[in-house]
Amino acid sequence: MSKLLKNIAIFASLTVVSLTAAAISEEQRAAIQERIMPHGQVCIQGDANCGDAGAPAVAGEVDRSGEEVYNAACVACHSTGAAGAPKVGDAVAWAKRLEKGRDQLHSSGLNGVAGTGMIAKGGCMSCSDDEIIAAVDYMIDNSQ
């Protein structure tokens, strides 16, 4: 019998809670919806519903410098040596890589290096190819 009373008490509590939750004001509902909204959206190029986010890039836009891209996207691994990344300024670590040539290092920066922690564009998908190449050049120039 006590188990039946416990179940009735639980059911009654849940009923009160659900009725209370349903009785929120429109203002409260709007505040909840705003709090749980996604932080961003995915836009497909040319999608008129995305504002400027879906617009094609403007020709002649100014790229960030190699140093700016390095500081924004590359510094985490290339200043600490994380995942075997050669540290900027370590001429010995870069020497072996430089033997392959700048073009190969640019390719590694753009496409990543299989079997290592180096992923395509170092994970900076908002970076243009030219910006990645500039960042690689910045690291090379400061590591010889």
Side-chain angles (χ1 to χ4, degrees), residues 1-91 93-94 96-98 100-143:
M1 187 72 159
S2 91
K3 190 173 185 177
L4 177 63
L5 290 176
K6 281 183 185 178
N7 286 339
I8 291 172
I10 290 171
F11 178 75
S13 297
L14 290 174
T15 302
V16 169
V17 168
S18 28
L19 290 176
T20 304
I24 63 174
S25 71
E26 286 303 314
E27 184 177 287
Q28 290 169 320
R29 184 178 307 282
I32 292 169
Q33 287 176 328
E34 185 176 333
R35 279 195 310 271
I36 64 172
M37 277 180 41
H39 289 283
Q41 64 180 353
V42 175
C43 294
I44 298 173
Q45 186 173 356
D47 184 349
N49 295 321
C50 290
D52 290 338
V58 177
E61 279 186 350
V62 177
D63 289 332
R64 292 172 285 181
S65 71
E67 183 176 11
E68 289 172 317
V69 174
Y70 168 79
N71 286 326
C74 312
V75 71
C77 295
H78 286 282
S79 68
T80 64
K87 292 181 186 180
V88 171
D90 184 346
W94 283 91
K96 185 173 93 176
R97 290 165 173 88
L98 285 168
K100 299 175 185 175
R102 241 177 229 261
D103 288 343
Q104 180 57 47
L105 292 174
H106 292 160
S107 177
S108 295
L110 292 168
N111 304 308
V113 180
T116 72
M118 180 61 198
I119 60 174
K121 293 188 171 188
C124 184
M125 293 302 122
S126 66
C127 292
S128 70
D129 288 359
D130 289 340
E131 288 175 325
I132 296 297
I133 290 169
V136 171
D137 287 341
Y138 171 81
M139 289 187 277
I140 292 169
D141 294 344
N142 288 280
S143 300

Pairwise distance [atom1]([X]) to [atom2]([Y]) - rounded to 0.5 angstrom:
{"X": "K96", "Y": "L98", "atom1": "NZ", "atom2": "CG", "value": "12.0 Å"}
{"X": "I140", "Y": "R97", "atom1": "CD1", "atom2": "CZ", "value": "11.0 Å"}
{"X": "S126", "Y": "E131", "atom1": "OG", "atom2": "CD", "value": "7.5 Å"}
{"X": "L110", "Y": "D129", "atom1": "CG", "atom2": "CG", "value": "5.0 Å"}
{"X": "I8", "Y": "K3", "atom1": "CD1", "atom2": "NZ", "value": "13.5 Å"}
{"X": "I119", "Y": "N111", "atom1": "CD1", "atom2": "CG", "value": "12.5 Å"}

Original post:
Within a strict 4.5 Å, meaning less than it, do heavy atoms of the P86 and H78 side chains meet?
Top reply: yes
Original post:
With a cut-off of 6.0 Å (strictly less than), are more than 12 heavy atoms of other residues, nucleotides or ligands near CD of Q28?
Top reply: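 Check passes, neighbour count above 12.
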**OP:** Considering non-hydrogen atoms only, spot the tightest contact between A135 and C74 and give its length.
**Re:** CB-SG, 4.2 Å
Original post:
What closest approach, in Å, do K87 and S143 show between heavy atoms, and which atom pair accounts for it?
Top reply: O-OG, 4.1 Å
Original post:
SG of C127 to SG of C124, below 2.5 Å?
Top reply: yes
Original post:
Just checking, is any N or O donor in the side chain of H106 or D137 under 3.5 Å from an acceptor N or O on the other one?
Top reply: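 Judged by distance alone, the side chains do pair up.
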Original post:
Would you say the side-chain atoms of S107 pair up with the backbone N or O of D103, donor to acceptor, closer than 3.5 Å?
Top reply: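 Checking the backbone N and O of D103 against the side chain of S107, no donor-acceptor pair under 3.5 Å is found.
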